[in-house]
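The structure under discussion appears below in the form of structure tokens.
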Amino acid sequence: MSTNGLRALEAISPKLLHSFYEAGDYQLAFNHHHEETGELVKSFDMQPMCAAQRAAGALPPLKMRWWYITRALEEALPEGMLHFGHKLVECVDLMGPQGQAASSAVGAAGSGAAESNSATYRYELSFRHSGPGATASSAAEGTEAGMTTATTTVVAKWLIGADGGFSRVRRTVRKGAMNGLLFMWVGLEVAAVGDGRAPAFLGTFSWWGSATESQLAAAGADWPLPLRGPPQPLTRNATYMPPANRLSTTGSRNLLTFRNPPCDLRATRDGGEGCREDVALWYMEAQAEAMEAEGVDASPEGPLLRHAADDGGAVALARALRMASHLPPDVRAFMAATPPHRVLEKALHCHPLDQQQHASWTNGRGMVLVGDAVHTSGRPDGQGGNLAFEDAAELAAHVRRHGLGQQAFDAFAAARLPRVTAIRGDCKPPFAVRKALVDGSAFEPLWGPQDLPSAQELEELGLEPERPGPAGESSGHSSSSAGTVSEEQRQRVLAWSLRRCWQIADRRTGGLLGAPPAAGAALVPQQAQQEGQVAAASVRA
Ligand SMILES: Cc1cc2nc3c(=O)[nH]c(=O)nc-3n(C[C@H](O)[C@H](O)[C@H](O)COP(=O)(O)OP(=O)(O)OC[C@H]3O[C@@H](n4cnc5c(N)ncnc54)[C@H](O)[C@@H]3O)c2cc1C
């Protein structure tokens with residue numbers, strides 16, 4: 001996670017961000033090893049940068065496990081908001097591009113919920129799901145292995161597509177036409193809900209796997225040599241690339257390995273597998289030419305997810321191991337010990353930058369896209385998730401300002417298009433454009449009273465005990481409207497949040513992140529942000 005994603009989360013809820021620092025991982029060195037001999041080529045020590053960040057009032061660096069992020073976000077939502085196992089299979093714009101005939105179309109489509117207020121519902125979404133979750137509006141379709149498969153249809157006034165790189169919302173192009181009282185398809189092309197674009201194959205495949213320390217031991221394997229040794233509170237890593245490569249993953253093939261310490265799961269509802277011991281993670285990329293040279297099929301056709309547990313993780317693991325034949329024996333043995341069901345293979349796809357237009361984000365008819373659905377870069381370049389968090393914070397701020405509707409979606413798209421394009425467009429070290437934009441991130445606070453510190457917490461941190469917060473203390477997020485948080489309150493909350501983050505990070509790492517600031521040196525965030533940019537510029541220099 002980088003500053004922009006962390007700041008966006010903080011804008012949504014500082015306490016949510018603090019829970020991430022409680023559960024996340026911390027890494028202070030990035031080690032580049034020779035891909036054939038395993039010798040250390042270069043070690044990048046991030047401790048001075050971390051100390052500079054601290055002195056400048058920036059947030060501590062943080063690594064998160066993806067499963068934890070999704071779980072923490074799920075748990076932060078009100079009960080019953082999420083419906084798991086429901087796959088969107090159809091998405092129809094009931095009004096079409098001209099926006100007429102909504103009422104009869106919705107009624108004839110048979111959505112009971114829409115009939116009472118049909119003119120206002122624009123989209124009809126069909127979700128396929130299994131199990132006993134069928135509702136009155138669900139049509140049972142069949143039985144598979146004792147489970148009922150059903151389709152539930154819902155209607156919506158406004159549609160936010162957050163369904164990832166292969167967004168169904170974005171890709172849906174329906175043929176059809178409205179015809180008075182009847183809603184029937186007559187084979188005419190009607191505007192897509194989105195711009196209809198699917199991401200393009202990047203010519204690169206990726207694999208990733210994970211194993212607990214005991215799974216490695218059970219398979220008779222050990223960590224790669226650089227990751228061996230007693231447990232440590234920090235994440236250790238070893239990257240295997242040609243010696244001439246920079247510390248980036250842009251070569252014809254590369255492997256990243258990590259040894260993560262146990263993850264603190266107190267904040268989660270149901271814990272997680274294998275996080276009470278060290279966990280091995282590895283990620284490998286190979287370009288199609290390198291695969292063809294090894295005789296490994298690299299055809300561009302086929303789905304994003306090529307091989308997973310369903311069709312035998314063993315296939316993915318075997319293909320990964322063939323691409324790992326040049327690596328040192330300790331590394332190959334480590335990879336081979338990964339339980340096959342914990343290995344995935346993906347063909348990398350991206351939405352090309354030259355296809356980023358206002359119309360890619362919103363169709364002007366009540367639909368907006370966020371995250372990978374609109375701007376996936378395909379390769380994990382450290383920004384996809386961060387930009388998705390930015391999207392969430394920004395969209396919420398625009399909706400609060402303009403109300404839920406097309407005006408908010410247009411303002412959101414207009415603000416996001418240049419920023420996302422600039423960050424994504426600067427994708428090679430030293431990331432001068434990207435770094436300045438990321439480090440200088442600031443988002444409008446969306447806090448509710450439940451996100452704010454108690455007077456006692458403020459006192460403990462040496463901050464003024466007066467409880468900051470938006471007007472209307474007893475209400476939640478929804479009542480906090482733009483302008484209710486004064487600049488002074490905002491600064492105080494950010495100062496509190498910054499201190500909390502460093503306090504947690506110091507506790508989690510035994511104080512290894514860098515020298516703490518001198519007593520009383522708490523910076524106000526605005527000043528800190530300016531100084532952070534200066535510090536970032538000097539680090540780049
Ligand atoms: C190996 C790897 C490492 C990465 N590392 C980083 C990193 O270090 N930093 C970073 O910022 N980013 C990283 N990324 C990128 C990051 O994971 C993505 O950019 C981010 O997940 C995008 O979030 P999203 O919510 O837009 O999409 P997703 O996370 O893809 O979520 C989309 C959701 O929609 C659901 N969905 C999709 N289709 C349907 C349908 N038809 N019906 C119902 N539901 C549907 C999916 O199940 C999923 O839950 C990495 C990615 C990978 C693969």
Side-chain angles (χ1 to χ4, degrees), residues 1-9 20 24-25 27 30 61-71 73-74 77 82-91 125-130 151-152 154 159-172 193-194 198-199 202 204-210 235 237 248-249 254-258 260 281-285 303-306 308 316 320 342-351 361 368-392 395 416 420 423-424 427 434 438 441:
M1 293 202 62
S2 48
T3 307
N4 54 336
L6 295 167
R7 287 276 183 225
L9 271 176
F20 275 39
D25 299 312
Q27 182 185 343
F30 203 86
L62 182 66
K63 295 174 75 71
M64 294 299 300
R65 303 174 201 208
W66 183 242
W67 66 261
Y68 181 87
I69 293 181
T70 51
R71 192 168 299 183
L73 295 177
E74 285 161 19
L77 290 173
L82 290 170
H83 300 265
F84 292 101
H86 285 60
K87 181 173 184 173
L88 179 67
V89 289
E90 187 73 276
C91 175
L125 309 165
S126 302
F127 292 90
R128 188 159 299 148
H129 56 101
S130 300
T151 300
T152 296
V154 298
L159 176 58
I160 301 174
D163 49 350
F166 273 81
S167 166
R168 167 60 57 202
V169 173
R170 181 171 185 174
R171 284 183 299 136
T172 299
V193 169
L202 277 172
T204 303
F205 282 72
S206 67
W207 294 262
W208 62 97
S210 65
T235 291
N237 104 293
S248 71
T249 56
N254 58 65
L255 173 77
L256 279 71
T257 62
F258 297 93
N260 275 353
L281 304 170
W282 56 265
Y283 174 79
M284 188 166 77
E285 269 182 25
L304 167 77
L305 193 62
R306 291 297 169 98
R342 302 195 67 94
V343 181
L344 284 175
E345 177 179 344
K346 258 188 179 182
L348 299 182
H349 290 70
C350 88
H351 288 301
W361 289 77
V368 68
L369 297 176
V370 295
D372 275 10
V374 60
H375 53 66
T376 182
S377 69
R379 299 188 60 255
D381 66 351
Q383 275 301 307
N386 285 294
L387 289 175
F389 288 133
E390 281 197 13
D391 287 346
L395 181 57
R416 298 302 290 152
V420 170
I423 290 178
R424 263 199 55 202
C427 54
R434 166 183 296 204
V438 163
S441 305

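Positions are given from 1 along the sequence. For clarity, every value in this text was computed on a predicted model and none was experimentally measured. Remember, it's 1-based here, ligands and their atoms both numbered in the order they're listed.
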Exercise. Any idea which of L369, V374, D163 brings a heavy atom closest to atom 37 (C) of ligand 1?
Worked result: D163
Problem set entry | Contact check, side chains of R424 and L387, non-hydrogen atoms, under 4.5 Å | yes
Problem set entry | Check: H351 and V374 side chains under 4.5 Å, non-hydrogen atoms | no
Exercise. Is there a heavy atom in W66 that sits closer than 4.0 Å to ligand 1?
Worked result: yes
Problem set entry | Part of F127 within contact of ligand 1 (heavy atoms, under 4.0 Å) | neither
Exercise. Any side-chain heavy-atom pair from L255 and W207 closer than 4.5 angstrom?
Worked result: no
Problem set entry | Atoms in ligand 1 flagged as close to G384, the criterion being non-hydrogen separation under 4.0 Å | 10 (C), 11 (O), 12 (N), 18 (C), 19 (O)
For this session: Going by the side chain to side chain contact (heavy atoms under 4.5 Å, CB included) test, name the single residue among L62, T235, N260 that passes it with Q27.
Result: T235
Exercise. Side chain to side chain donor-acceptor pair (under 3.5 Å) with T152: which of H83, H129, H86?
Worked result: H129
Problem set entry | CD on E390 to CG on L9, rounded to 0.5 Å | 11.0 Å
Exercise. Who's closest to atom 1 (C) of ligand 1 heavy-atom-wise, of W207, Y283, F389, F84?
Worked result: Y283
Problem set entry | Nearest non-hydrogen protein atom, atom 30 (O) of ligand 1 | G164 CA, 3.6 Å
Exercise. Judging by distance only, is a nitrogen or oxygen of N386 under 3.5 angstrom from one on ligand 1?
Worked result: yes
Problem set entry | Heavy-atom side-chain proximity of N237 to F30 below 4.5 angstrom | yes
Problem set entry | Aromatic plane relationship, F166 with H349 - under 30° parallel, 30 to 60° tilted, over 60° perpendicular | perpendicular
Problem set entry | D381 side chain reached by R434 side chain, heavy atoms, under 4.5 Å | yes
For this session: Mind checking whether M1 contacts ligand 1 via backbone (N, CA, C, O), side chain (CB onward), both or neither, at a 4.0 Å heavy-atom cut-off?
Result: neither
Exercise. What atoms in ligand 1 come closer than 4.0 Å to a heavy atom of A162?
Worked result: 32 (C), 33 (C), 34 (O)
Exercise. Tell me, which protein residue and heavy-atom name are nearest atom 41 (N) of ligand 1, and how many Å apart are they?
Worked result: L88 O, 3.0 Å
For this session: Run the numbers for me: atoms of ligand 1, each under 4.0 Å from some heavy atom of H86, listed by number.
Result: 42 (N), 43 (C)
For this session: Within a distance under 4.0 Å of any heavy atom of G371, pick out the atoms of ligand 1 and give their elements.
Result: 26 (O)
For this session: Could you find the nearest protein heavy atom to atom 26 (O) of ligand 1 and give me its residue, atom name and distance?
Result: D372 N, 2.8 Å
Problem set entry | Atoms of ligand 1, numbered as shown, that sit under 4.0 Å from any heavy atom of Q383 | 10 (C), 11 (O)
For this session: Pick whichever of S167, G165, P380 has a heavy atom sitting closest to atom 14 (N) of ligand 1.
Result: P380
For this session: May I ask you to check whether G385 has an N/O atom sitting below 3.5 Å from an N/O atom of ligand 1?
Result: yes
Exercise. Taking C-beta and beyond as the side chain, do D391 and W361 meet within less than 4.5 Å on heavy atoms?
Worked result: yes
Exercise. Is A388 in polar range of ligand 1, meaning some N or O pair under 3.5 Å apart?
Worked result: no
Problem set entry | ligand 1 contacted by K63 (non-hydrogen, < 4.0 Å) | no
For this session: Establish whether atom 43 (C) of ligand 1 and some protein heavy atom are separated by less than 4.0 angstrom.
Result: yes
For this session: Kindly confirm or rule out an N or O of W208 lying under 3.5 angstrom from an N or O of ligand 1.
Result: no
For this session: Answer whether the closest heavy-atom distance between the side chains of K87 and R168 falls below 4.5 Å.
Result: no
Exercise. Are side-chain N/O atoms of Q383 and S2 paired as donor and acceptor at under 3.5 Å?
Worked result: yes
For this session: Name the orientation class of the two ring planes belonging to Y283 and W208 (parallel below 30°, tilted from 30 to 60°, perpendicular beyond 60°).
Result: tilted
For this session: Using a distance threshold of 4.0 Å (strictly less than), state whether atom 47 (O) of ligand 1 has a protein heavy-atom neighbour.
Result: no
For this session: Answer with yes or no whether G382 contacts ligand 1, where contact means a heavy atom under 4.0 Å from a ligand atom.
Result: yes
